[in-house]
Amino acid sequence: MTSELLQQVRVIDPVSGIDRITDVLINDGLIRFVAENISDLPNDTHINNCQGLVLGPGLVDLYSHSGEPGFEERESLLSLMQAASAGGFTRINILPDTSPSVDDPSVVAQLLQKSKKHRDISPVPHFPLPLVHVWGAITEKVTGKQMTELADLAAAGVVGFTDGQPWENFALVRRVLEYLQPLGKPVAFYCCDPELKGNGVVREGLDAIRLGLPFIPASAEASAIAALLELASPIGVPIHIMRVSTARSVELITSAKASGVPVTASTTWMHLLLDTKAVKSYDPSLRLEPPLGNSQDLAALRQGVKTGALDAIAIDHSPYTYEEKTVAFAEAPPGAIGFELALPFLWQYLVESGEWTAVELWRALSTRPAECLQQKPSAIAPGQQVEMILFDPQESWKVEKKNLYTLSTNTPWLGQQIQGRVIRTVTSDQ
């Protein structure tokens, strides 16, 4: 790699806490200098005027769904990686609910080998493909009944363990935590009481009554989180709570952290942008699991991420075909795509509005997700490996199939003009 000077770019680095306009010199996969004005340049330096652009560490997604293997019509592994890279993600972590599920070392090897092959080819200009990690299933076929061979999966290279599904058997959860203690891998839980959830599809409240849809009480999530925290506290195994969506859940997690329980937590990007009022459109792409919260939940989630009570923002990219999603709201499978949309919308809703700083947003999308996974976060500082993205907060583009790398289009913003786009990913192996 020849030298490149990113000139007068707005550098956002959560590790050092900086947000300033500066020059950045990179060479041979390393950041050499970060200074206000770099004039002493190697002879072969390419100068890239980056005025108006934002340079930040590569984004890290905690959990998302891959169609492959089993549902390649929704999303192939290649299209998933392309969409992630185009959205600024340099590391992604695939949930185990594929078909076959990631409950056997052979499936882990298949996914990791194929992702490496795709990265070696890297067919998207300016967007080298992300590093892929795989979550191992805690139970066979992610059914919550029979534990997998956790040690074998750990040896095969899974990033951690999760089913990504609600649990009914908390005696098994306790046993899982005890078994995982010596493995030293992250373990993540999606907390929701299936009995309290019932056939609900929207958060309980006045909006649910107006919509005439079956509702899910906030206690379905909060009671399951409370039970998990009670189990985890005496065992001492660090846990991660996925898809937090209610104000009460934020309170419980905040209290547990203050008591010394080793817990981290995340919410998803769409739960930080929309609440139940958005569901009045009955758009099946807004059928999510957990459902969008009410206005109090939305405010609590935003404040929770800002203060660190919630550690990270996950994308939970969930692709479905047009036929699968074009049904009545209550019958639609839950989930929406997000890799290529999350950063632009979060920037516009939260940073441009002044509610969050750019550093706070980047920390929740990059530094903290890496730390939740026991990985070293990337940083923009001299001597660091290059793993960063260039983002243009002013670029306007239309959300439509021809402008997306993902194979699916299940998003409530389809057909809309939006502002902000990642224009380049810069990594040491590009």
Side-chain angles (χ1 to χ4, degrees), residues 1 3-41 45 47-62 87-91 128 130-131 257 264 266 269 302-314 342-344 346-347 350-352 354-393 420 422-430:
M1 177 189 290
S3 296
E4 180 178 5
L5 179 68
L6 304 176
Q7 194 173 53
Q8 294 303 286
V9 67
R10 180 181 175 183
V11 171
I12 298 169
D13 180 32
V15 174
S16 61
I18 69 167
D19 178 358
R20 68 170 185 263
I21 296 174
T22 187
D23 288 355
V24 179
L25 180 66
I26 58 178
N27 176 264
D28 291 333
L30 291 176
I31 299 171
R32 300 297 181 180
F33 297 102
V34 178
E36 287 188 12
N37 189 356
I38 302 174
S39 57
D40 186 12
L41 303 174
T45 300
I47 299 176
N48 188 353
N49 186 342
C50 296
Q51 287 185 340
L53 302 182
V54 172
L55 181 72
L59 308 183
V60 179
D61 181 40
L62 280 168
F89 291 86
T90 54
R91 308 179 206 175
L131 185 64
K257 286 186 171 186
T264 57
S266 58
W269 72 287
R302 288 185 176 184
Q303 184 65 14
V305 175
K306 183 179 175 69
T307 62
L310 300 180
D311 300 85
I313 301 169
L343 180 58
L346 290 169
W347 184 275
L350 298 174
V351 177
E352 290 287 352
E355 187 169 345
W356 289 4
T357 68
V359 170
E360 287 169 342
L361 174 61
W362 229 274
R363 180 181 293 120
L365 285 171
S366 178
T367 306
R368 291 299 288 142
E371 292 171 346
C372 289
L373 295 166
Q374 301 174 9
Q375 299 172 356
K376 180 183 177 182
S378 59
I380 301 178
Q384 295 290 317
Q385 288 280 336
V386 175
E387 185 184 347
M388 50 197 188
I389 62 171
L390 275 170
F391 173 65
D392 185 348
V422 176
I423 61 172
R424 186 181 167 198
T425 301
V426 192
T427 62
S428 57
D429 57 353
Q430 70 180 107

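Computed over heavy atoms, backbone and side chain alike; hydrogens, waters and symmetry mates excluded. Here, residue 1 is the first one in the sequence, and each next residue gets the next number.
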Can you confirm whether [X] sits close enough to [Y] that some side-chain heavy atom of one is under 4.5 Å from a side-chain heavy atom of the other?
{"X": "Arg10", "Y": "Arg20", "answer": "no"}
{"X": "Ile26", "Y": "Ser3", "answer": "no"}
{"X": "Thr90", "Y": "Leu131", "answer": "no"}
{"X": "Leu390", "Y": "Val422", "answer": "no"}
{"X": "Val24", "Y": "Val9", "answer": "yes"}
{"X": "Arg302", "Y": "Leu350", "answer": "yes"}
{"X": "Ser378", "Y": "Ser366", "answer": "yes"}

When you measure from the side chain of [X] to the backbone N and O of [Y], does any donor-acceptor pair fall under 3.5 Å?
{"X": "Thr425", "Y": "Gly88", "result": "no"}
{"X": "Lys306", "Y": "Glu355", "result": "yes"}
{"X": "Thr45", "Y": "Leu41", "result": "no"}
{"X": "Gln8", "Y": "Glu36", "result": "yes"}
{"X": "Asp28", "Y": "Leu30", "result": "no"}
{"X": "Asp23", "Y": "Ile38", "result": "yes"}
{"X": "Lys376", "Y": "Ala370", "result": "no"}

Nearest heavy-atom neighbours spanning [X] and [Y]:
{"X": "Pro57", "Y": "Ile389", "result": "O-CG1, 4.1 Å"}
{"X": "Ala309", "Y": "Lys257", "result": "O-NZ, 3.0 Å"}
{"X": "Leu62", "Y": "Ala312", "result": "CD1-CB, 3.7 Å"}
{"X": "Thr307", "Y": "Gly304", "result": "OG1-O, 3.3 Å"}
{"X": "Arg91", "Y": "Pro130", "result": "N-CB, 3.9 Å"}
{"X": "Asp13", "Y": "Ala379", "result": "OD1-CA, 3.6 Å"}

Ile21 vs Val11, side-chain contact (heavy atoms from CB on, under 4.5 Å): CA-CA, chis, key distance, verdict: CA-CA 6 Å; Ile21 296 174; Val11 171; over 6 Å; no
Can you sort out the partners of Trp269 under ring-ring contact (aromatic ring centres under 6.0 Å, His included), two or more places apart, ordered by chain and number? Trp413
Please list, chain by chain and in numerical order, all residues satisfying ring-ring contact (aromatic ring centres under 6.0 Å, His included) with Trp347, sequence neighbours excluded. Phe391
Start with the C-alpha gap between Met388 and Val386, add the side-chain angles, then the distance that decides, and say whether side-chain contact (heavy atoms from CB on, under 4.5 Å) holds. CA-CA 6 Å; Met388 50 197 188; Val386 175; 3.9 Å; yes
For Leu343 and Trp362, what are the C-alpha separation, side-chain angles and deciding distance, and is it a side-chain contact (heavy atoms from CB on, under 4.5 Å)? CA-CA 9 Å; Leu343 180 58; Trp362 229 274; 4.0 Å; yes
Under 4.0 Å between a side-chain nitrogen and a carboxylate oxygen: does that hold for Arg424 and Asp392? no
Ion pair present between Arg363 and Glu360, side-chain N to carboxylate O less than 4.0 angstrom? no
For Leu55 and Thr22: C-alpha separation, side-chain torsions, deciding distance, then whether side-chain contact (heavy atoms from CB on, under 4.5 Å) applies. CA-CA 10 Å; Leu55 181 72; Thr22 187; over 6 Å; no
